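Bear in mind the structure is a predicted one, so any value in this text is a computation, not a measurement.
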Amino acid sequence: QVQLVESGGGLAQAGGSLRLSCAASTRTFSDYAMGWFRQAPGKEREFVAGIVFNGRTTDYADSVKGRFAISRDNTKNTGYLQMNNLKPEDTAVYYCATGSYRSDPRLYTSWGRGTQVTVSS
């Protein structure tokens with residue numbers, strides 16, 4: 001399995017921006033599609049965005065389209081989630097995962113421990 005470590009979370013004001021990073025332990029990171037999920041208190045984990053191994057195809061949840069951008073740098077074994085125009089409803093723990101770029105969490109085989117994002121109004 002791939003070990004994943006998220007970073008970049010924190011407190012932001014509504015309308016602000018944050019960039020999350022997902023550092024992978026493997027040198028074969030470029031072999032894996034990856035995705036970002038989030039889980040708010042009392043809610044199920046939900047898909048946010050996904051990207052294929054070479055970055056050429058991405059997918060987004062409707063709730064973040066036009067505001068969030070997923071990317072990756074395979075030379076650094078790192079994935080990113082740029083979050084702009086943040087809203088209070090974006091508050092959640094954000095997780096990165098490898099194994100797919102689709103919205104079904106069952107397709108993913110490795111998960112990070114998450115990073116907290118809190119958006120104040």
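Residues Ile51 and Thr57 form no side-chain contact, since every pair of their non-hydrogen atoms from C-beta on lies 4.5 Å or further apart. A 4.5 Å side-chain heavy-atom check between Tyr80 and Cys22 finds every atom pair outside the cut-off. Side-chain contact between Val117 and Met83 is present, with at least one heavy-atom pair separated by less than 4.5 Å. A heavy-atom distance below 4.5 Å is found between the side chains of Val48 and Phe68. Put simply, the side chain of Trp111 does not reach to within 4.5 Å of the side chain of Leu4, judged on heavy atoms. The shortest side-chain heavy-atom distance between Arg19 and Leu81 does not fall under the 4.5 Å cut-off.
Taking CG from Leu20 and OG from Ser7, the interatomic distance works out to 8.0 Å, rounded to the nearest 0.5 Å. Separating the CZ atom in Phe37 from the SG atom in Cys96 is a distance of 11.0 Å, to the nearest 0.5 Å. The OG atom of Ser121 sits 13.0 Å away from atom CG of Leu86, with the distance rounded to the nearest 0.5 Å. Expressed to the nearest 0.5 Å, how far CG of Asn54 lies from CG of Asp31 amounts to 11.0 Å.
A single hydrophobic cluster is seen to contain both Val93 and Tyr108, as judged by linkage of ILVMFWY side chains at heavy-atom distances under 4.5 Å, directly or through other members. The hydrophobic cluster containing Tyr94 does not contain Val2, counting ILVMFWY residues as joined when their side-chain heavy atoms lie under 4.5 angstrom apart, directly or transitively.
Between the side chain of Gln3 and the main chain of Ala24, no donor-acceptor pair closer than 3.5 Å is present. Distance alone, capped at 3.5 Å, is enough to place a donor-acceptor pair between the Asn74 side chain and the Phe53 backbone. With hydrogens and angles ignored, the 3.5 Å screen pairs no side-chain donor or acceptor of Gln39 with any backbone N or O of Ala92.
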Take Asn77 and Thr26 through the test side-chain contact (heavy atoms from CB on, under 4.5 Å) and record every step on the way to the result. CA-CA 7 Å; Asn77 298 326; Thr26 179; 6.0 Å; no
Problem set entry | Candidate pair Lys87 and Asp90, rule salt bridge (Lys or Arg N to Asp or Glu O under 4.0 Å), full reasoning | CA-CA 5 Å; Lys87 303 177 181 181; Asp90 294 320; over 6 Å; no
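Counted within 6.0 Å of CD on Glu89, heavy atoms from surrounding residues, nucleotides or ligands total more than 12; the atom is thus considered enclosed. Around the CD atom of Gln116, the shell of radius 6.0 Å holds more than 12 heavy atoms that belong to other residues, nucleotides or ligands.
Heavy atoms only, all atoms of each residue included: Met34 and Gly79 are closest at SD-CA, 3.7 Å. When all heavy atoms of Gly8 and Leu18 are compared, the pair lying nearest together is O-CD2, 4.0 Å. The shortest heavy-atom contact between Asn84 and Ser17 is OD1-OG, 2.9 Å. Shortest non-hydrogen contact noted between Ile70 and Gly35 is CD1-CA, 4.5 Å.
A cation-pi contact, defined as under 6.0 Å to the ring centre and within 45° of the axis, links Arg45 to Tyr95. In this structure, Arg72 satisfies the cation-pi test against Phe29, with its NZ or CZ atom closer than 6.0 Å to the six-membered ring centre and inside 45 degrees of the ring normal.
Taking the six-membered ring wherever Trp is involved, the centroid distance between the rings of Phe47 and Tyr60 does not fall below 6.0 Å.
Look at Asp104 and Arg102 and you find no salt bridge, because none of the NZ, NE, NH1 or NH2 atoms lies under 4.0 Å from a carboxylate O. With respect to the salt-bridge test (charged N to carboxylate O, under 4.0 angstrom), the residues Glu46 and Arg38 qualify.
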